[in-house]
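To start, the structure under review is shown below, and the notes come after it.
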Amino acid sequence: MSDAIVLTGRTIRLTRRNLDAVLTAMLLPIMLMLVFVSFFGGAIHTGTEYVTYVVPGVMLLCAGFGSANTAVTVTHDMTGGIIDRFRSLDIGGTAILAGHVAASVLRNTVATTIVFGVAFLIGFRPVAGPLDWLAVAGILLMFILAISWLSACSGLIARSPEAAGGCTFLMMFLPYPSSAFVPIDTMPGWLHGFAEHQPVTPVIEALRGLLLDRPVGDSAWQALVWCGGILVVAAGLSGALFRRRTA
């Protein structure tokens with residue numbers, strides 16, 4: 001645990017030295033939200049103010065952009081020789097990866113908070129109660145943790161930092177074929193099955209229901225099952241890949 005805390009601090013210091021990537025990951029979701037709300041919001045009918053409808057999807061998009069930096073930093077460590085030094089200090093792979101994931105969770109939490117702030121400035125008005133906000137925070141944290149471990153796994157698979165950035169494209173793409181920006185029933189029929197049953201949709205629906213004080217239905221437990229499953233698989237696979245890469 002102490003090794004993981006020290007390595008989390010190291011990753012955060014590395015983040016401060018690469019502020020352009022962090023700012024890009026934070027600003028792109030905000031820019032997309034402003035574009036959708038300002039340019040397309042008047043033409044998209046969702047039964048509520050479009051900014052209120054779109055914010056949950058933008059938060060997940062923000063997590064996807066932020067996680068790309070985790071994959072890149074993991075790959076950089078694996079190819080830069082620092083892992084040999086860590087192993088000579090008897091630092092295990094779990095601590096190394098946990099440090100990257102913890103730093104990713106902190107970065108994404110800050111980015112999500114900023115997205116919330118900008119959304120409030122442009123008219124986002126949730127009606128969630130205290131317990132609803134706690135549930136929103138819990139689901140978001142679970143999603144960010146799962147996607148951070150998945151990004152670490154991608155960083156271990158990639159052979160270069162550039163390839164690692166490309167490996168995270170799927171995570172950044174998933175919010176688009178979901179209910180993030182438009183209702184699923186407005187999409188082509190052949191896309192409905194994927195959009196309804198992919199991991200991002202129940203997370204978005206759960207967040208939207210909680211923020212707007214609407215019935216959540218099965219979305220909350222489906223979101224937790226998806227996030228928990230991704231977390232367990234990604235963490236286990238990351239450990240196996242790290243041992244294989246350093247054998």
Side-chain angles (χ1 to χ4, degrees), residues 11-12 14-46 48-73 101 103-128 132-133 136-148 150-151 164-166 168-183 198-201 203-212 223 227:
T11 307
I12 292 174
L14 290 174
T15 298
R16 293 206 306 264
R17 300 171 190 170
N18 193 20
L19 283 179
D20 52 346
V22 176
L23 289 175
T24 300
M26 291 182 179
L27 291 177
L28 276 177
I30 292 174
M31 292 175 63
L32 285 171
M33 179 172 63
L34 295 175
V35 167
F36 273 94
V37 171
S38 301
F39 296 170
F40 309 130
I44 301 175
H45 303 289
T46 60
T48 183
E49 291 290 331
Y50 187 66
V51 63
T52 304
Y53 181 89
V54 81
V55 165
V58 173
M59 289 189 295
L60 300 197
L61 195 65
C62 182
F65 279 114
S67 68
N69 191 51
T70 302
V72 171
T73 55
V101 170
S104 174
V105 171
L106 290 173
R107 286 195 307 266
N108 280 310
T109 300
V110 172
T112 301
T113 303
I114 293 173
V115 167
F116 261 124
V118 174
F120 273 105
L121 290 177
I122 63 174
F124 176 54
R125 296 296 181 267
V127 291
D132 294 328
W133 278 110
V136 167
I139 292 174
L140 269 177
L141 184 61
M142 190 73 172
F143 179 81
I144 290 171
L145 186 60
I147 202 171
S148 296
L150 190 58
S151 297
T168 60
F169 172 77
L170 179 61
M171 289 177 281
M172 293 184 285
F173 174 76
L174 276 180
Y176 293 100
S178 73
S179 61
F181 300 106
V182 297
Q198 60 131 313
V200 168
T201 295
V203 178
I204 292 172
E205 291 300 321
L207 294 176
R208 186 175 289 136
L210 291 167
L211 290 170
L212 302 182
C227 292

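Quick note: residue numbers are just sequence positions, from 1.
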inquiry  = If you compare all heavy atoms of F143 against all heavy atoms of A63, which two are closest, and at what distance to 0.1 Å?
reply    =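 Closest approach of F143 to A63, heavy atoms only: CE2-CB, 3.9 Å.
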key: Distance-minimising heavy-atom pair for S148 and T70   =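 Looking at all heavy atoms of both residues, the shortest contact is O-CG2, 4.0 Å.
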Using 0.5 Å steps for rounding, measure from the [atom1] atom of [X] to the [atom2] atom of [Y].
X: S151; Y: N108; atom1: OG; atom2: CG; value: 8.0 Å
X: I144; Y: L106; atom1: CD1; atom2: CG; value: 10.0 Å
X: L174; Y: T201; atom1: CG; atom2: OG1; value: 8.5 Å
X: S67; Y: R107; atom1: OG; atom2: CZ; value: 9.0 Å

key: Parallel, tilted or perpendicular: ring planes of Y53 versus Y50, cut at 30 and 60 degrees   =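 Correct class here is parallel.
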inquiry  = Among L140, L212, V55, exactly one meets side-chain contact (heavy atoms from CB on, under 4.5 Å) together with L207. Which residue is that?
reply    =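 Testing L207 for a side-chain contact (heavy atoms from CB on, under 4.5 Å) against L140, L212, V55 leaves exactly one candidate, L140.
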So, do [X] and [Y] sit near enough that their side-chain heavy atoms are less than 4.5 Å apart?
X: I204; Y: V200; value: yes
X: F116; Y: M59; value: yes
X: I139; Y: L210; value: yes
X: V203; Y: C227; value: yes
X: N69; Y: S104; value: no
X: P126; Y: F120; value: yes
X: F181; Y: V58; value: yes
X: L211; Y: D132; value: no

ask   = When you check the side-chain N and O atoms of T52 and R208, is any donor under 3.5 Å from an acceptor?
value =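 No, R208 and T52 have no side-chain donor paired with an acceptor closer than 3.5 Å.
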Hey, can you pull the donor-acceptor pairs under 3.5 Å for the side chains in residues 32-39, sequence neighbours left out?
| from | atom 1 | to | atom 2 | distance (Å) |
| --- | --- | --- | --- | --- |
| S38 | OG | L34 | O | 2.9 |

Crowding at CD, Q198 (>12 non-hydrogen neighbours, <6.0 Å) =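 Atom CD in Q198 is packed in, count exceeds 12.
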